Structures are given as C-alpha cells and as structure tokens.
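Only a predicted model underlies this, so the values are computations on that prediction, with no experimental measurement involved. Starting from 1, each residue takes its place in the sequence as its number. No hydrogens, no waters, no symmetry mates; every other heavy atom, side chains included, goes into these values. Atoms within a ligand are numbered from 1 in the order they appear, just like the ligands themselves.
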Amino acid sequence: MKIIVCIKQVPDTNEVTIDPDTNTLVRTGIPVIINPDDKSGIEAALTLRGKIPGSTVTVVSMGPPQAEMALREALSMGCDDAVLISGRQFGGSDTLATSTIIAAALKKIGFDLIFTGRQAIDGDTAQVGPQIAEHLGIPQVSYVEEITPETDSLVVLRQFEDRYHRLRVKLPCLLTAIKDLAEPRFMTVEGIVDADEKQIRIMDYEALSDVLDPKTIGLKGSPTNVVRSFTKEPKSQGAVLKGLTADEAVDAIMARLHESHLV
Ligand SMILES: Cc1cc2nc3c(=O)[nH]c(=O)nc-3n(C[C@H](O)[C@H](O)[C@H](O)COP(=O)(O)OP(=O)(O)OC[C@H]3O[C@@H](n4cnc5c(N)ncnc54)[C@H](O)[C@@H]3O)c2cc1C
C-alpha cells in the first residue's frame, strides 16, 4: 500500500507571544514544528506499514525550502521518502489553491491512502484535507481515531460531537488524523543518520505545470479575502485575589462565576 502523509510546518504556538504595542503575533525567532495532528498521521501510517507487507510511507509538504526540516524529521521517524512542493508561483495560496497544488502533486506521486491532519494549528481552517479528497475524487473520513485495515478497504472510528461513527471506507481514500489516533514515536539516532542520507524530491511549478492551471494557484487562484486580522481585546480589567488559601480561592472564584451567571 502506498501511504502518503501531508505535513505542514507550523510555528510552535507554545512559544508565540503577543507584541504589547502592536497586539500582533511575534513570529521572529519562533521555533517551527510539524503540525501535531500531522505527527499522529505519520505514526498511524508507520504502524499500518508494519501491518501490511510491501507498504511505503511518503511524506509530502508544500512550503518554502525550510519546510525540508519538517520532512527530514519525518524521515528520521522512519518514513521512506519525502517530497517538497515548493515554488514562488505557489506563494499567497489560500486553502483552495493549496489543496489544488497538493492534489496535483499527489496525482503524480500516486497513492492508495492519504493522511492529513484534521487541522493546522496556525491556519486552523481544517479545510485542506477534505479539499484534497474532493480534487482527487476519492472518499474521505475526518476526525479519525482508530484504523483497522481490510483487503481493499479500512474500517475507521470517527470521532463525532457526542458519539462515534464506525465506517468502512474503500481505498483509495483520505483520512484526517486527530491527536488521539496515535502517539508519535521519537526519532532514533539510526533514523536521523538514515534521513541525512536520503534525497528529498522537490516538485516545483514546472514539475506540475502540465496538471495545474496557473489561474487556480497563488494569490490569483485564491478566492479568500482576509478583511482584517486582529487579536481579542480583554473585555474588562481582571481581578487579583491575594492572601487566600486554595479552598478560599476556589470559593471566591465560584462566587464570581455565579455572580456573572457563568455557572
Ligand atoms: C488569502 C490568503 C493568502 C495566503 N497567503 C499565504 C502565503 O503567502 N504564504 C503562506 O505560507 N500562507 C498563506 N496563506 C495561508 C495558507 O492558505 C494556509 O496556510 C494553507 O492553505 C493551509 O491552511 P490551514 O493552515 O488552515 O490548514 P488546515 O486546513 O487546517 O490543515 C489541515 C491539514 O492539511 C494539511 N496541510 C495544510 N497545509 C499544508 C501544506 N502546506 N503542506 C502539506 N500539508 C498541508 C496538513 O496535514 C494539515 O494538518 C494564505 C491564506 C489566505 C486565506
């Protein structure tokens, strides 16, 4: 089975701070990580590879050249090969253009099963995975928490608001992974050495130009308009309760929540 995992390099939001003067995110010097849901996808893909002889796991990322770092990390976890989709023509792409480009690349790479994360922690739209499936005309299951492989299908447990869905889905298909799907393994020293020796395949605009309409990519191909971007203002001054024991503090907080009809 040819398994693809789409991974996005994102800023580590635990490290993001707000500039008090401009109220905007301070991005300089922020470490980047593989989007957490995508790491669960990598782990699930590696686990499936172990269960299905002859399977391979390819990681794919669209981004600037530094996204190679994320791909190297995935290779160090044990993925077989990596593809970086990168080109200035792709800059300014919204989710629709992003998924159009990734889907075009996946058609060229080939796939039986595609994982994306449910949601990226920076863009946060949860649109790219389902859109890729639509472009490719394959079934998709989102919020996947458990996977059981069968001959030409998978049985998956899908997390839903107040229940679970157990679904049988035919291959090829796309699954969006949530954190509960799998606990990602750590990189190994052997994996890091192996990853260093592996070549990352680059797919630029030229490599995809026969399957991509230039009107559907980059800023030109992005119907989304960002009207305004802002951080939430605090509605009122906070209160600091001092000199209370833990129990007294809990009582005081509960009293205030009751006063405000919040509990
Ligand atoms: C008008 C507009 C212009 C933009 N211009 C730029 C720009 O110039 N530069 C820029 O960096 N961003 C830009 N963006 C942001 C960009 O569209 C998003 O980062 C991207 O589409 C992913 O959306 P998301 O973060 O909401 O991912 P989600 O839909 O939340 O991601 C779900 C999953 O899809 C997969 N996925 C998402 N993105 C990628 C990727 N790049 N590679 C591989 N897998 C992926 C991952 O598995 C991820 O977990 C722009 C957005 C808009 C609206």
Side-chain angles (χ1 to χ4, degrees), residues 3-13 16 25 27 30 32-45 57-74 77 79 82-109 111 113-136 138 140-144 173-182 184 200-205 208 216-229:
I3 310 172
I4 306 283
V5 190
C6 296
I7 64 170
K8 185 180 180 195
Q9 192 180 49
V10 293
D12 186 348
T13 46
V16 170
L25 296 181
R27 287 180 183 270
I30 301 297
V32 281
I33 55 170
I34 298 178
N35 183 53
D37 284 345
D38 306 357
K39 264 196 151 173
S40 301
I42 294 174
E43 180 60 40
V57 178
T58 302
V59 267
V60 174
S61 189
M62 173 178 145
Q66 54 269 35
E68 246 196 69
M69 254 170 60
L71 292 168
R72 291 251 170 242
E73 184 179 342
M77 288 171 72
C79 294
V83 179
L84 175 64
I85 309 165
S86 197
R88 70 187 158 69
Q89 294 87 342
F90 304 147
S93 293
D94 66 0
T95 60
L96 183 63
T98 299
S99 60
T100 301
I101 298 162
I102 295 176
L106 296 186
K107 271 187 206 155
K108 295 227 159 190
I109 298 165
F111 56 84
L113 171 62
I114 302 166
F115 282 100
T116 69
R118 171 200 50 169
Q119 195 163 1
I121 57 172
D122 57 348
D124 244 359
T125 65
Q127 292 174 353
V128 172
Q131 286 175 350
I132 293 173
E134 284 298 312
H135 291 308
L136 296 172
I138 57 172
Q140 54 172 294
V141 184
S142 53
Y143 289 75
V144 169
C173 67
L174 181 144
L175 307 179
T176 81
I178 56 174
K179 209 161 158 273
D180 299 338
L181 174 62
I200 292 180
R201 179 176 167 196
I202 310 285
M203 287 184 121
D204 58 10
Y205 175 70
L208 299 174
T216 62
I217 61 166
L219 257 189
K220 257 192 289 175
S222 297
T224 317
N225 285 312
V226 180
V227 178
R228 188 173 151 231
S229 165

Checking the side chain of Asp38 only, and the main-chain atoms of Lys8 only, is there a donor and an acceptor separated by less than 3.5 Å?
yes

Please check whether [X] reaches ligand 1 - meaning an N/O of the residue sits under 3.5 Å from an N/O of the ligand, judged on distance alone.
X: Val226; value: no
X: Cys6; value: yes
X: Ile102; value: no
X: Thr125; value: yes
X: Met62; value: yes

For ligand 1, does [X] get within less than 4.0 Å through its side chain, its backbone, both, or neither, judged by non-hydrogen atoms?
X: Asp124; result: backbone
X: Ser93; result: backbone
X: Val128; result: both
X: Thr224; result: both
X: Ser222; result: neither

Where ligand 1 meets [X] - atom numbers and elements under 4.0 angstrom, heavy-atom basis:
X: Asp38; result: 46 (C), 47 (O), 48 (C), 49 (O)
X: Asn35; result: 49 (O)
X: Asp94; result: 2 (C), 17 (O), 21 (O), 51 (C), 52 (C), 53 (C)
X: Gln127; result: 29 (O)
X: Ile7; result: 42 (N), 43 (C), 44 (N)
X: Gly123; result: 24 (P), 25 (O), 26 (O)
X: Thr98; result: 17 (O), 20 (C), 21 (O)
X: Thr95; result: 17 (O), 21 (O), 23 (O)

Please walk me through it: do Ile33 and Val10 pass side chain to side chain contact (heavy atoms under 4.5 Å, CB included)?
CA-CA 6 Å; Ile33 55 170; Val10 293; 3.8 Å; yes

Protein heavy atom at shortest distance from [atom]:
atom: atom 38 (N) of ligand 1; answer: Lys8 CD, 3.5 Å
atom: atom 32 (C) of ligand 1; answer: Gly117 O, 3.5 Å
atom: atom 9 (N) of ligand 1; answer: Gly92 N, 4.2 Å

Heavy-atom proximity to atom 31 (O) of ligand 1 ranks first, among Gly41, Ala120, Pro64, for Ala120

In Å and rounded to the nearest 0.5 Å, what is the [atom1] to [atom2] distance from [X] to [Y]?
X: Gln119; Y: Thr125; atom1: CD; atom2: OG1; value: 7.5 Å
X: Ile138; Y: Ile114; atom1: CD1; atom2: CD1; value: 4.0 Å
X: Ile34; Y: Met77; atom1: CD1; atom2: CE; value: 6.5 Å
X: Leu174; Y: Cys6; atom1: CG; atom2: SG; value: 7.0 Å
X: Asp37; Y: Phe115; atom1: CG; atom2: CZ; value: 12.5 Å
X: Asp204; Y: Arg88; atom1: CG; atom2: CZ; value: 10.5 Å

Do [X] and [Y] have side chains that approach each other closer than 4.5 Å (heavy atoms only, starting at C-beta)?
X: Phe111; Y: Val60; answer: no
X: Ile42; Y: Cys79; answer: yes
X: Leu113; Y: Cys173; answer: yes
X: Glu134; Y: Gln140; answer: yes
X: Val32; Y: Gln66; answer: no

Non-hydrogen protein atom less than 4.0 angstrom from atom 11 (O) of ligand 1
no

Measure from atom 20 (C) of ligand 1 to the protein's non-hydrogen atoms and state whether any distance is below 4.0 Å.
yes

Considering only NZ, NE, NH1 and NH2 on the basic side and carboxylate oxygens on the acidic side, decide whether Glu68 and Arg72 come within less than 4.0 Å.
yes

Is there a heavy atom in Asp122 that sits closer than 4.0 Å to ligand 1?
yes

Identify every side-chain donor-acceptor pair in residues 94-105 under 3.5 Å, counting partners at least two apart or on other chains, and give the distances.
residue: Asp94; atom: OD1; partner: Leu96; partner atom: N; Å: 3.1
residue: Asp94; atom: OD1; partner: Ala97; partner atom: N; Å: 3.0
residue: Asp94; atom: OD1; partner: Ser222; partner atom: OG; Å: 3.3
residue: Asp94; atom: OD2; partner: Thr224; partner atom: N; Å: 2.9
residue: Asp94; atom: OD2; partner: Thr224; partner atom: OG1; Å: 2.5
residue: Thr95; atom: OG1; partner: Gln127; partner atom: OE1; Å: 2.6
residue: Thr98; atom: OG1; partner: Asp94; partner atom: O; Å: 2.7
residue: Ser99; atom: OG; partner: Thr95; partner atom: O; Å: 3.1
residue: Ser99; atom: OG; partner: Leu96; partner atom: O; Å: 2.9
residue: Ser99; atom: OG; partner: Gln131; partner atom: OE1; Å: 3.0
residue: Ser99; atom: OG; partner: His135; partner atom: NE2; Å: 3.0
residue: Thr100; atom: OG1; partner: Leu96; partner atom: O; Å: 2.7
residue: Thr100; atom: OG1; partner: His135; partner atom: NE2; Å: 3.4

